[in-house]
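What follows is a set of notes on a single structure, which appears directly below.
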Amino acid sequence: MSFKEKLKKDNLPQHIAIIMDGNGRWAKGIGKLRIFGHQNGVSAVREAMEGCVEIGVKYLTLYAFSSENWNRPKLEVRALMELLVNTLAKETKTFMDNGVQLRTIGNISDLPDKCQKTLTDTIELTKTNSKCVLTLALSYGSRAELVDATKAIAQKVASGQLDIKEIDETVFGNHLYTQGMPDPDLMIRTSGEQRISNYLLFQMAYTELCFLEKMWPEFKREDLFEAIYNYQNRERRFGKTSEQL
Ligand code: FPP
């Protein structure tokens with residue numbers, strides 16, 4: 001029986017976040033350049049996205065480029081930006097056929113103009129698709145997101161739009177880039193690294209973490225289904241005892 005067949009339809013994660021790690025190491029391992037790994041990572045993105053659509057996961061958020069990734073060699077950064085533009089252009093039909101709505105989180109204004117334009121066009125084109133929301137974290141850093149939210153709230157308090165007593169976790173969450181999205185239920189990171197790497201720190205307070213040894217280009221939808229199967233066999237207590245659930 002495949003993992004997909006073993007999944008309980010009434011206990012699917014609503015939101016899956018992924019750290020797509022290991023492209024460079026995978027490429028080096030077979031004697032190729034790092035960018036070859038990123039190029040092959042695109043098919044794994046398709047596997048994850050189509051896997052989510054296939055079983056009914058509503059939100060998929062992918063860490064595609066962190067704010068720290070700007071420090072990589074210029075050539076790799078440029079190649080990644082080009083890959084993003086080309087992939088979005090090529091995958092438009094996949095988004096439309098699968099009912100996928102594209103969104104972004106992060107400092108999009110840092111990206112090259114061509115990237116920004118392709119993203120804006122694809123977001124506009126897919127905005128009424130409703131099967132799955134695919135969010136790309138680009139030039140994203142969670143600490144910067146928390147600082148931005150704090151500034152926005154402070155500004156509202158200073159201008160009298162918001163009373164300090166009204167600030168609670170919901171109000172705070174509504175000022176994050178992810179406003180309106182449920183928190184991730186499951187976070188998957190490939191490549192054997194066991195870190196969060198400045199990803200969705202506020203949103204992942206109660207997220208189940210799954211670390212896979214596989215490198216991202218090797219990721220297949222069956223890996224996604226296996227991770228969801230393992231997720232379904234965990235007990236999420238949210239601070240309560242087993243007996244209280
Ligand atoms: C991490 O692997 C991966 C990235 C920084 C980029 C992710 C990009 C893709 C999967 C391709 C394009 C994606 C989209 C959405 C079009 P790494 O380079 O850090 O690997 P390493 O740790 O082995 O060096």
Side-chain angles (χ1 to χ4, degrees), residues 16-53 59-96 98 100-108 110-112 114-123 125-126 132-142 177 187-200 211-221 223-224:
I16 298 179
I18 302 186
I19 301 182
M20 311 183 283
D21 198 9
N23 293 346
R25 272 167 287 163
W26 176 82
K28 265 182 83 180
I30 53 168
K32 305 269 189 189
L33 295 175
R34 293 176 55 79
I35 188 61
F36 185 75
H38 298 313
Q39 285 160 349
N40 279 268
V42 173
S43 47
V45 169
R46 205 179 300 114
E47 286 284 314
M49 188 183 79
E50 290 181 349
C52 283
V53 171
Y59 294 86
L60 172 66
T61 301
L62 303 177
Y63 209 172
F65 195 85
S66 75
S67 38
E68 289 75 26
N69 286 153
W70 291 113
N71 299 321
R72 291 193 172 196
K74 274 201 174 62
L75 207 65
E76 181 170 344
V77 170
R78 199 178 318 139
L80 271 169
M81 294 300 147
E82 268 170 30
L83 185 61
L84 179 68
V85 171
N86 295 339
T87 306
L88 287 176
K90 257 198 259 161
E91 299 297 324
T92 309
K93 188 170 163 11
T94 321
F95 292 152
M96 298 314 284
N98 284 288
V100 171
Q101 185 189 125
L102 184 76
R103 292 189 198 172
T104 57
I105 51 172
N107 272 318
I108 303 306
D110 293 345
L111 302 176
K114 200 163 177 207
C115 266
Q116 292 190 44
K117 165 100 178 71
T118 312
L119 285 166
T120 314
D121 290 350
T122 316
I123 289 169
L125 184 77
T126 60
C132 181
V133 174
L134 170 68
T135 303
L136 298 182
L138 289 162
S139 192
Y140 175 86
S142 185
Y177 308 150
M187 194 283 288
I188 301 169
R189 181 174 190 152
T190 52
S191 93
E193 305 291 356
Q194 303 196 1
R195 291 190 284 275
I196 302 292
S197 299
N198 203 13
Y199 193 38
L200 304 169
F211 297 103
L212 303 180
E213 288 301 318
K214 274 193 177 181
M215 301 293 161
W216 180 248
E218 301 168 313
F219 185 87
K220 296 276 179 290
R221 74 191 70 189
D223 299 309
L224 178 84

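For this chain, numbers begin at 1 and follow the sequence in order. One-based numbering, in listed order, for ligands and for the atoms of each.
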At what distance is the nearest protein heavy atom to atom 11 (C) of ligand 1, and which residue and atom is it? His38 O, 3.5 Å

Looking at every heavy atom in both Thr126 and Phe95, which two are closest together, and how far apart are they? CG2-CB, 4.0 Å

Checking Thr190 side chain against Asp21 main chain: does a donor-acceptor pair fall under 3.5 Å? yes

Any residue meeting salt bridge (Lys or Arg N to Asp or Glu O under 4.0 Å) with Lys93, in chain and number order, not counting sequence neighbours: Asp97

With sequence neighbours excluded, what pairs up with Glu47 under the salt bridge (Lys or Arg N to Asp or Glu O under 4.0 Å) test? Arg221

For atom 19 (O) of ligand 1, what's the nearest protein heavy atom and its distance? Arg72 NH2, 2.7 Å

Run the numbers for me: atoms of ligand 1, each under 4.0 Å from some heavy atom of Thr87, listed by number. 16 (C)

When you measure from atom 5 (C) of ligand 1 to every protein heavy atom, which one gives the shortest distance, and what is it? Asn69 OD1, 3.6 Å

Are any side-chain N or O atoms of Tyr63 and backbone N or O atoms of Arg189, one a donor and one an acceptor, separated by less than 3.5 Å? no

Would you say Arg25 and Ser191 are linked by a side-chain donor-acceptor pair, where the criterion is simply a distance under 3.5 Å? yes

Any side-chain heavy-atom pair from Val77 and Asn69 closer than 4.5 angstrom? no

Using the six-membered ring wherever Trp is involved, compare the ring planes of Tyr199 and Tyr140 and label them parallel, tilted or perpendicular (cut-offs 30° and 60°). perpendicular

Quick one: look up the protein heavy atom nearest atom 12 (C) of ligand 1 and list residue, atom name and how far away it is. Leu83 CD2, 3.9 Å

Main-chain N/O of Met215 paired with Glu218 side-chain donor or acceptor, under 3.5 Å: yes

Return the closest protein heavy atom for atom 13 (C) of ligand 1 as residue, atom name and distance. Val45 CG2, 4.2 Å

Could you check whether any side-chain N or O of Asp223 sits under 3.5 Å from a backbone N or O of Lys220, counting only pairs where one atom can act as donor and the other as acceptor? yes

One finds that the ligand 1 atoms under 4.0 Å from a non-hydrogen atom of Arg25 are 21 (P), 22 (O), 23 (O)

Are any of the N or O atoms of Asn23 closer than 3.5 Å to those of ligand 1? yes

Min heavy-atom dist Gly22 to ligand 1 below 4.0 Å: yes

Please confirm whether Arg34 comes under 4.0 Å of ligand 1, counting heavy atoms of the residue only. yes

For atom 15 (C) of ligand 1, which protein heavy atom lies nearest, and how many Å away is it? Leu136 CD2, 3.8 Å

Structural part of Leu62 in contact with ligand 1, heavy atom criterion under 4.0 angstrom: neither

Taking N or O atoms only and a 3.5 Å limit, does Trp216 qualify as a polar contact for ligand 1? no

Indicate yes or no: does an N/O atom of Trp26 lie under 3.5 Å from an N/O atom of ligand 1? no

Can you confirm, on distance only, whether ligand 1 has an N/O atom lying under 3.5 Å from any N/O atom belonging to Gly24? yes

Could you tell me whether some N/O pair between Asp21 and ligand 1 is separated by less than 3.5 angstrom? yes

What are the atoms of ligand 1, with element, lying closer than 4.0 Å to any heavy atom of Met20? 1 (C), 2 (O), 3 (C), 7 (C), 10 (C)

Between the main-chain N or O of Gly41 and the side-chain N or O of Trp216, is there a donor-acceptor pair closer than 3.5 Å? yes

Can you tell me the protein heavy atom closest to atom 6 (C) of ligand 1 and the distance? Ala64 O, 3.3 Å

